[in-house]
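Okay, so here's the structure we're looking at.
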Amino acid sequence: MAEVRISSCPLNCWDTCGLKVTVENGKVVKVDGDDGHPITQGKICGRGRMLEARTNSAERLLYPLKKTNGQFVRISWEQALDEIAEKMNEIKEKYGTTAILHSHDYANNGLLKNLDRRFFNCYGGVTELTGSLCWGAGIEAQTWDFGSSYSHAPEDIYNSKHVVIWGRNVARTNMHLFQHLQAVKKRGTKLIVIDPIFNQTAQIADMYISVAPGMDGFLAIGMMKEILRLELEDRTFIKNYTIGFEDVTALLQRITMEEIEQLTGVDRDTMTALALIYGNRPTMTYLGLGMQRYANGGNTIRLIDALVAISGNIGIPGGGVNFGNLQVGQSFNIAALTLPERKTAARTFTMMKQAEGILQARDPEIKMIIVTCGNPLTQVPNTNLVKKAFQSVETVVVFEQFMTDTAELADYVLPTTTVFEEEDIYYSSMYHAYVNYGPALVQPPGEAKPDLWIWTQLAERLGFGADFAFSRDEFLTIGLSGLEKHGITLEKLKQEKHMLLPVKAVPWDDYRFQTPSGKYEFTSSLAEQKGMDGKLKIMYPAESEMTNRALAEKHPYRLLTIHPLRSNHSQHYHLIESMQSIKIEISKDIAEEKGLKDGDTARVFNFRGELVGRVKILANACAKTINIDEGQWGKFGGSVNVLTSDRESDNGQGSTLYDCLVNIEKMNE
Ligand SMILES: Nc1nc2c(c(=O)[nH]1)N[C@H]1C(S)=C(S)[C@@H](COP(=O)(O)OP(=O)(O)OC[C@H]3O[C@@H](n4cnc5c(=O)[nH]c(N)nc54)[C@H](O)[C@@H]3O)O[C@H]1N2
Ligand SMILES: Nc1nc2c(c(=O)[nH]1)N[C@H]1C(S)=C(S)[C@@H](COP(=O)(O)OP(=O)(O)OC[C@H]3O[C@@H](n4cnc5c(=O)[nH]c(N)nc54)[C@H](O)[C@@H]3O)O[C@H]1N2
Ligand code: SF4
Ligand SMILES: [Mo]
């Protein structure tokens, strides 16, 4: 008998869709969209549908594995857990708890995935990763400017006269926003897209602006200069609710419109037109994550924030500068789940520099790495160094569903469940503010277990079993504590399947900002408190003609490595045959310069590494630009991160994944 159940997509994505899952004879047979979900309204993308294939795949890891003489052999859970616990006890005694590194990312948006931190805190505190490959620079930038990073409710877009999509690949990465874009366009709202690549979202825009990668901050400066020249600024907002405006005007005088035209590739008339759009309020800005993955990424986001602020588009319906939506995650009682007070030792590496951290660690050296919800061998920059670092450590333990590049390097691989095999609740601090319930629908295959079961078993062996002696429902209730007063309880969520969290639909509408001054800060006092210069700056990417001429002469092309259409990062490549090769997308000028045509085999290289793939020429991309989608597996050609740099962005320990120069050459077949 087929049964249809409501669940949630767990994938790290803007949309956090409601799912309708058909279960038949104890198996998930189909994944569709939940029509009752207010935001996602029955529509989901291919990545969500593929969760059926992920769950039923014959390639799932079914048993604990141990590497012996270079080969994986099946062992019992008892043996795996006993051996890992014994090593952890020994490490604690001999070297201290920080000799263990917890390497992770955000592969699953379940609330209970936070219990990994509870485990490591109760153990005594390990070496943790700080910063973010994903959005570190932008979150820090908005924290400096506003005090946090909050977005408008999705439906507020219907109050906008103009919508600017700035570096967000909406049609590919944020499909429900794309549907709103199509709808508001029909009502006469003007759509502007700013992106070096003429993508599917650009194709429906009223105005498309091709900007040179990493140069958006200059574009924002040009627009601010025009806003002030045309006297379009919101004087009342600037005077009453901001500090540091004089620093902005001083900065704007340091560069001419001609220089900005040169750097951005955008002409002055376009900048004037954009200034008029921002002056004709309300204009809503959606920022993507692409343009903050540069060495000047934080400064770029802050310059765009400043543009939105001086034009009076902050705190008004139909306005705003939408990046993250941290109010969503802040609704939960994360501290009660993670018990930070239990930690007695601490050390941190940054996400970006985890490889260097591992290789250079002393007192104590890293003796064990435990990887959960992440695939660092594919996703972290400078893969060759990451590989060297992981190989240098005595014991690597990976919790995984599949034999990924990271799992291949492990000494112990522990098989974990997928979303439909465990109960949790799901949310994302990126776009909308609904939390979704996801029940356990089917039994896991083989001996796969939830991450939480593994933590509980290890905790018992390590002497803090009491901290994990709670049912999943009890843990979920702990995480939801504080929300009862808003009518949100686990019981109600189980009935209703999704509930709106108590967040603001129009953030900052009271003009009370969470900065130290309580105002919008053009010059950040938080940055100053951290010993950094809080002023907005003229800043370039690290790998560019302006900053490293010698490098740019040898490697004249800019490499973007954007998110793949049909996979969430590395998660679906092994399940989709047509994705299992490397596609090198190049702008037309490169094709001409290098004599390349569609289908040619080419080698992309720099001093960090090289990758071979098939050429595809992009219509309309910014000159000197190459893209290779991220997430590819070693066995299908290798991760593009062999080419990317582990340099950190200017603030927030963010990544500089798109700040990367390369060269390309045709290969003989
Ligand atoms: N299909 C799919 N969707 C996803 C994901 C996925 O892996 N696959 N991942 C999810 C996650 S974790 C995230 S973080 C989000 C990311 O969502 P997005 O921010 O939409 O995605 P990105 O691929 O990072 O790139 C965004 C865009 O930035 C542009 N870009 C690059 N450099 C610049 C620049 O200097 N200036 C400007 N203006 N634009 C630039 C790229 O051309 C691209 O169009 O997507 C989520 N959704
Ligand atoms: N070059 C380049 N690199 C990038 C990016 C880019 O744009 N360009 N984007 C960056 C961004 S935005 C992000 S967010 C990161 C993402 O980096 P990751 O989160 O490391 O990427 P995923 O491919 O999603 O890998 C997650 C792994 O977790 C596993 N997994 C899924 N669910 C669970 C679970 O419940 N438990 C356990 N134990 N494992 C689970 C999956 O099988 C998968 O192998 O990548 C970053 N890397
Ligand atoms: S990956 Fe994103 S858009 Fe696709 S189903 Fe999941 S939440 Fe929805
Ligand atoms: Mo991300």
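Numbering of ligands and ligand atoms starts at 1, following listing order.
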Discussion item. Give me the nearest non-hydrogen protein atom to atom 4 (Fe) of ligand 3 as residue plus atom name, then the distance to 0.1 Å.
Written reply: Cys45 SG, 2.3 Å

Worksheet entry | Nearest-contact summary for atom 45 (O) of ligand 1 - protein heavy atom, Å | Thr173 CB, 3.4 Å

Fill in: Region of Cys9 that comes within reach of ligand 3 [heavy atoms, distance under 4.0 Å]
side chain

Worksheet item: Do any nitrogen or oxygen atoms of Ile562 come within less than 3.5 Å of a nitrogen or oxygen of ligand 1?
Response: no

Worksheet item: Among protein heavy atoms, which sits nearest to atom 32 (N) of ligand 1, and what does the distance come to when rounded to 0.1 Å?
Response: Tyr294 OH, 2.9 Å

Practice prompt. Distance to 0.1 Å, residue and atom name: give those for the protein heavy atom nearest to atom 15 (C) of ligand 1.
Written response: Trp14 NE1, 3.5 Å

Worksheet item: Backbone or side chain, does any N or O of Gly167 fall under 3.5 Å from an N or O of ligand 1?
Response: yes

Worksheet item: Based purely on interatomic distance, does Gly214 place a nitrogen or oxygen under 3.5 Å from a nitrogen or oxygen of ligand 1?
Response: yes

Discussion item. Between Glu400 and Thr406 (side chain of the first, backbone of the second, donor and acceptor by atom type, cut-off under 3.5 Å), is there such a pair?
Written reply: no

Worksheet item: Less than 3.5 Å between some nitrogen or oxygen of Leu560 and one of ligand 1, yes or no?
Response: no

Practice prompt. Could you tell me whether any N, O or S atom belonging to Cys17 is less than 2.8 Å from atom 8 (Fe) of ligand 3?
Written response: yes

Discussion item. Counting only heavy atoms closer than 4.0 Å, does ligand 3 sit against the backbone of Thr16, its side chain, both, or neither?
Written reply: backbone

Worksheet item: Of all the non-hydrogen atoms in the protein, which one sits nearest to atom 2 (Fe) of ligand 3, and at what distance?
Response: Cys13 SG, 2.4 Å

Discussion item. Quick test of your reading of the structure: of Glu630, Met291, His563, Arg47, whose heavy atom lies closest to atom 23 (O) of ligand 1?
Written reply: His563

Worksheet item: ligand 1 and Leu289, any nitrogen or oxygen pair closer than 3.5 angstrom?
Response: yes

Discussion item. Pair Lys20, Asp34 - check salt bridge (charged side-chain N to carboxylate O under 4.0 Å, His left out), show working.
Written reply: CA-CA 5 Å; Lys20 192 168 77 182; Asp34 168 17; over 6 Å; no

Practice prompt. Using a 4.0 Å heavy-atom cut-off, say whether Leu565 meets ligand 1 through its side chain, its backbone, both or neither.
Written response: backbone

Item to complete: Answer with yes or no after comparing the ring centroid distance for His432 and His37 against a 6.0 Å cut-off, counting only values under it.
Response: yes

Worksheet item: So, Asn313 side chain and Thr283 main chain: donor-acceptor pair closer than 3.5 Å or not?
Response: yes

Item to complete: Considering only non-hydrogen protein atoms, determine which one is nearest to atom 1 (N) of ligand 1 and report residue, atom name and distance to 0.1 Å.
Response: Pro564 O, 2.8 Å

Worksheet item: Identify the closest protein heavy atom to atom 10 (C) of ligand 1: which residue and atom is it, and at what distance?
Response: Asn12 O, 3.2 Å

